[in-house]
Structures are given as C-alpha cells and as structure tokens.
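Since the structure comes first, as structure tokens, the remarks are kept for the end.
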2 protein chains.
Amino acid sequence: MAQQKKISSKTVERMSQYRRVLGRLAESNATHVYSHELAYLCGLSAAQVRRDLMTIGFTGSSARGYDVSELLRRVSDFLGFSRERRLALVGIGYLGRALLDYFVDRNPIFRICAAFDADLDKVDRVIHGVRCYPVDKMGEILRPLQVQTGIITVPASAAQQVAFELVECGVTGLLNFAPVQLRVPPGVYLENLDLTSALEKVAYFAGNPADTEREMK
Amino acid sequence: MAQQKKISSKTVERMSQYRRVLGRLAESNATHVYSHELAYLCGLSAAQVRRDLMTIGFTGSSARGYDVSELLRRVSDFLGFSRERRLALVGIGYLGRALLDYFVDRNPIFRICAAFDADLDKVDRVIHGVRCYPVDKMGEILRPLQVQTGIITVPASAAQQVAFELVECGVTGLLNFAPVQLRVPPGVYLENLDLTSALEKVAYFAGNPADTEREMK
DNA sequence: TTCACGCTGTGAATTGATTCACAGCTACAA
DNA sequence: TTGTAGCTGTGAATCAATTCACAGCGTGAA
Ligand SMILES: NC(=O)c1ccc[n+]([C@@H]2O[C@H](COP(=O)([O-])OP(=O)(O)OC[C@H]3O[C@@H](n4cnc5c(N)ncnc54)[C@H](O)[C@@H]3O)[C@@H](O)[C@H]2O)c1
Ligand SMILES: NC(=O)c1ccc[n+]([C@@H]2O[C@H](COP(=O)([O-])OP(=O)(O)OC[C@H]3O[C@@H](n4cnc5c(N)ncnc54)[C@H](O)[C@@H]3O)[C@@H](O)[C@H]2O)c1
C-alpha cells in the first residue's frame, strides 16, 4: 500500500482537476480522451498530463487515448474516494458557511461531518446540513469518527490554538484560511489558502501588464 | 517606471505576506527585522526573504537587519498601495458575500467598489457596504472607475461569460473561484483559486502520511 | 494485408525556484 | 582602537517542475 515514488503536491492538485473534468466528460458520454484534450480542458500541456498519469501508473492506448471511465475511477481511487473521508470545519463565520453550503451533500463519501465554533449562539444546531458543536466537544466528536482533515476558518488570533486542538484530535491535514503562519508537528500536512495574497497578486499583475507576459500559468 | 527584471508570481505573493507581517511588526513598535525573523513569521527561509527583497532592490543593514517602516512602505509601493486600486466582484452568493464582508473597509485604497449579480433580487442595494448592480450595468459602472481587477464568484456555467464581459470592460486581472478553466486574451492575468482541489489535496496528504514527508512548503 | 498517421510513454533537456555558502560590512564590547 | 559575532547581498549550486523530442505502437484506410 506504500507509495513507491513520492507524489508532489502539484500533481495531487492536478489530479483533482482531472477528476472534475473527467466527471463532466463521462456525463457527456465521451468514452475516450487524448492527453491534449484533457490538457486543454485543464489549461495544461499535453506532456504535463501524460507525465501525471504516468506517476499513478495509468496507461492509455496510443490510438484512442485514455478510457474516460477507467481513468476517472483510477484518479478517484488515487485521491481516496474509494473509502469515506470525513472532514471537520472550525469557525462558522462567513467563509465557513460558504464552504459548508458548497461542500455538504456534494459528495457523500467526501464530507464535512461536523463544524465547531466558539460562539455559543452558532452551535447546537444544523447549518447547511452539518451539526455544529461548541469547540470543547472537538475531541469527543472527532476521535470516534476518525476525522483526518480539518478546515480552519477562524480569525487569525485563534487559528494556532485551533490548529493545535485539531492535531490533538488526530487530524493529519489542515486547510487554513487564516492569515497567519501556523506551526504544526511533523507528519501533519498544512495548506494555507491566503485569499488576501491571491487578490493582491492579481491586482499587482492587473496593474503591471508588462509583467503579466508569460505569467499565465 | 518599467520593471527591469521580470517578477515571478510567487514573489509577488510573498510580498503580500511580508506586507502583512511587517504591518504587525510596525504596530508592535519593532523598528528592525532580520531576514531570518521575517522568514520565520512567514514560514519561509531567510535566503528566500533576502532574495525577494533583492528583486525589489531593497537593502538592509548588515548589523541591524531591515528597517521595518521603510520596508513596509517599499513593499506597499511595490504592490501598488500608493494609488487607489478598484476591484469589482461578480456573483453575490455565499462566497461573494464572504469576500465582500472581509475586504470592504479593510483597506480604503484597495477596495471593492462594485458588485454584480444576475439575480435581480440581489441588486440595487448595498451589501456589506458595496453597491450591487445588475450585470448589464457592468460597462457603465466599471469603465469610468477604471476598475482593473475582477473577482468571479458565479457558478461554473456562467464564469466564462462573466470573464469575457469583465475583460470587455477593461479589467486586466481576474481572480476566479469557479471550477472551470477560463480563456482570456493575452495580457489579462488569470488566477484560479480552486477550493475543491485545495481541499482534496489536503485530504490526500492527510490520508497518506508517508507522502507528507518534506511536502511541508 | 499493408501502410501511414497520430498518439502514448518516457529519457533527456530545459527552465524556474530555492538554497548554499561566503565575502564584506557594521555595531558594539573591551 | 581593535576585535569579533552575526548579519546582508549575491554568484554558484542544487533541487524541482515542466517541456522536448522521439521510438514504438495501434487503428483505420486502402
Ligand atoms: N471572508 C473572507 O473573504 C476572507 C478573506 C481573507 C481571509 N479570511 C480569513 O478567513 C478566516 C475566516 O474569515 P470569516 O470572514 O469567515 O470570519 P468571521 O469573523 O465571519 O468568522 C470567524 C468565526 O470563527 C469563530 N471563532 C472565533 N474564535 C474561535 C475559536 N477560538 N474557536 C472556534 N471558533 C472561533 C467566530 O465565532 C466566527 O463564527 C479569518 O481568519 C479571515 O482572516 C477571510
Ligand atoms: N462556496 C464555496 O465554498 C465554494 C467552493 C468551491 C468552489 N466554489 C465556486 O465558487 C463559485 C461561487 O460559489 P458560491 O457558493 O458563492 O455560489 P452561489 O450559488 O451561492 O452564488 C452564485 C451567485 O452568482 C450569481 N450568478 C449566477 N449567474 C450569474 C451571471 N451570469 N452573472 C452574474 N451573477 C450570476 C447567482 O445569482 C448567485 O448569487 C461557484 O463557481 C462555485 O463552484 C465555491
């Protein structure tokens, strides 16, 4: 079950994109895709796609390309869609609620199963279909469910404490939206999604068209 | 006023982070920072910080490090905080509202000045302090204000059309949250923020601790 | 049955980003 | 005044990601 080669985070991210467009292709009854088609739909190069599929050992046919449904299954397996994955969200503010609304019921085996907030007005009810608990119930709820992934949408001042508690509860992957650099023990994966930096970056290039050049990833 | 060397998008993103932590440092009355301190606060290496500051030609003192307020001013200038920047948001759903709530009034010279939606129930009022207009008023509103940056938070099915319209209105930088690969003409900067991929990536590494290894960027 | 086209799989090359490593400087201590 | 510890600025080295380029194959056409 061990991974032979190490998989880069970029590759995993692209797998998620492949999965999405393969889903659409499957819905439109396409049976095969060429690497250049998949690439186009994802905004990548054909060589990139072939390289990625190589890393998960998927192989296509030289004349017909890749079998859509087979590849979809393979990519889904790779991403862990074969067994249920449970996620938790902490911080039911504007952003937390947007995420709950979006992700709940979107995929039954990849689901946010609990939300937490320090504000007692927001807890002990169901928001967008997810049970909301006070933060001090975290361990009690998360441990038995073996939740592995946590989403942090609390203010920056509370984020480190929340991260620490989530890790204590057995979470090994964190998606952090708070604008602070969190410290996590080795073995815990941390991904920061910094909306402010992203926006300032876009504004920078919008205002400096000379730099935009070939910056179109 | 032209950029001599090309600036990478990664560097710009880090500039935004530097700006944030420099702001905090200034508030706490720190007068100087060493590259390794700034690096620690941003989760980067000291060499990286020095390299970045080199690209904007900022230079510190070998014994006291960098002057906080001077560097803050310099980085802010670099990012374009010296003149007002106007942004527009299209799609006043959950995510759009979260962004409006967060970015409005946070910085008066870097501001979302208009929001648009196709749903007539959502327009012609003020949400979180921002005027909301019907989509067909886009040109009329954006052109005179010289809005350069657009945020797209509409459903995937509408995103390409919205992107096209924004570009028509003179926008040269787009931050897209919709899970589709948009096509924009050369010279327009496009940044995709794909929350689903980000989440699936975290879930992947949460479930494959072996791969987490040195993946801690 | 044979041919030719256009695709895949993949080493090798390239490009880009990050880190190393160290010369040179500066403030402070003695 | 001199010594020194610890920092910056930066060329060179390394490491990571992407692209090139092409051998080899499978399919459909003739
Ligand atoms: N909304 C955005 O567009 C946006 C943009 C950039 C960054 N962010 C960051 O994302 C995070 C969330 O943003 P938001 O707009 O949803 O904020 P918000 O203020 O609307 O929500 C924060 C929520 O966290 C809860 N909370 C506070 N302390 C807590 C604790 N210790 N434990 C559990 N819950 C706690 C609050 O009760 C609140 O419900 C913030 O860190 C913010 O800086 C948001
Ligand atoms: N909310 C999340 O957490 C999340 C996660 C992943 C991806 N996304 C993506 O972000 C985007 C926005 O998500 P959301 O949850 O806010 O969606 P939402 O459905 O709550 O809001 C979409 C808004 O866009 C408006 N709209 C629809 N067509 C339009 C058009 N042609 N012109 C202008 N406005 C139009 C709708 O009236 C609505 O107000 C979607 O593309 C979604 O896939 C959101």
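No experiment lies behind these values; they were computed from the predicted model shown. In what follows, chains are A, B, ... by sequence order, proteins preceding strands, each numbered from 1.
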N/O to N/O distances under 3.5 Å, protein versus nucleotides 20-23 of chain D:
{"from": "D:dA21", "atom 1": "N6", "to": "A:R50", "atom 2": "NH2", "distance (Å)": "3.1"}

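- Rounded to whole Å, atom P of C:dG16 lies 15 Å from atom CZ of B:R14.
- Among pairs with a residue in residues 31-58 of chain B, those fulfilling salt bridge (charged side-chain N to carboxylate O under 4.0 Å, His left out) read B:R14-B:D52, at least two apart in sequence or across chains.
- Screening residues 95-114 of chain A for salt bridge (charged side-chain N to carboxylate O under 4.0 Å, His left out) gives A:E84-A:R111 as the qualifying pairs, with residues at least two apart or on separate chains.
- The interatomic distance linking A:F58 (CZ) with C:dG9 (P) rounds to 8 Å, in whole Å.
- In this entry the distance linking CE of A:M54 with C1' of C:dT8 reads 11 Å, nearest Å.
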* To do: Begin from the C-alpha positions of A:Y94 and B:Y102 and carry the test ring-ring contact (aromatic ring centres under 6.0 Å, His included) through to its verdict.
  => CA-CA 9 Å; A:Y94 282 104; B:Y102 188 80; over 10 Å; no
With a cut-off of 3.5 Å and sequence neighbours excluded, list every side-chain donor-acceptor pair involving residues 149-165 of chain B.
{"from": "B:T153", "atom 1": "OG1", "to": "B:V90", "atom 2": "O", "distance (Å)": "3.2"}
{"from": "B:T153", "atom 1": "OG1", "to": "B:G91", "atom 2": "O", "distance (Å)": "2.6"}
{"from": "B:Q160", "atom 1": "OE1", "to": "B:R183", "atom 2": "N", "distance (Å)": "2.9"}
{"from": "B:Q160", "atom 1": "NE2", "to": "B:R183", "atom 2": "O", "distance (Å)": "3.1"}
{"from": "B:Q161", "atom 1": "NE2", "to": "B:E165", "atom 2": "OE2", "distance (Å)": "2.5"}

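- Taking atom CG on A:D52 and atom C1' on C:dT10, their separation rounds to 14 Å, with Å as the unit.
- Toward the 5' end of DNA chain C, the nearer of the two residues A:L53 and B:L44, judged by each one's closest nucleotide, is A:L53.
- Between B:Q48 atom CD and D:dC15 atom P the separation is 16 Å, expressed in whole Å.
- Not a single side chain to side chain contact (heavy atoms under 4.5 Å, CB included) links A:T31 to another residue, sequence neighbours left out.
- Rounded to a whole Å, the CG atom of B:L71 is 10 Å from the P atom of D:dG9.
- A:R86 places a side-chain N or O within donor-acceptor distance of the main-chain N or O of A:L145, the cut-off being under 3.5 Å.
- If you measure from atom CD of B:E13 to atom P of C:dA17, you get 12 Å, rounded to the nearest angstrom.
- For A:Q148, there are no side-chain hydrogen bond (donor to acceptor under 3.5 Å, both in side chains) partners two or more places apart in sequence or in a different chain.
- Using a 4.0 Å heavy-atom cutoff across all strands shown, B:T59 reaches sugar-phosphate atoms only and no base atom.
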Between the protein and nucleotides 5-7 of chain D, which nitrogen or oxygen pairs come in under 3.5 angstrom?
{"from": "D:dC7", "atom 1": "O4'", "to": "B:S62", "atom 2": "O", "distance (Å)": "3.2"}

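- Look at NZ on A:K6: it is 10 Å from P on D:dC15, rounded to the nearest Å.
- In terms of the side-chain hydrogen bond (donor to acceptor under 3.5 Å, both in side chains) criterion, residue partners of A:R19 (sequence neighbours excluded) are, by chain and number, A:S76.
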Could you list the donor-acceptor pairs under 3.5 angstrom formed between side-chain atoms of residues 62-71 of chain A and any protein atom two or more places apart in sequence or on another chain?
{"from": "A:D67", "atom 1": "OD1", "to": "A:S69", "atom 2": "N", "distance (Å)": "3.2"}
{"from": "A:D67", "atom 1": "OD1", "to": "A:S69", "atom 2": "OG", "distance (Å)": "3.2"}
{"from": "A:D67", "atom 1": "OD1", "to": "A:E70", "atom 2": "N", "distance (Å)": "2.9"}

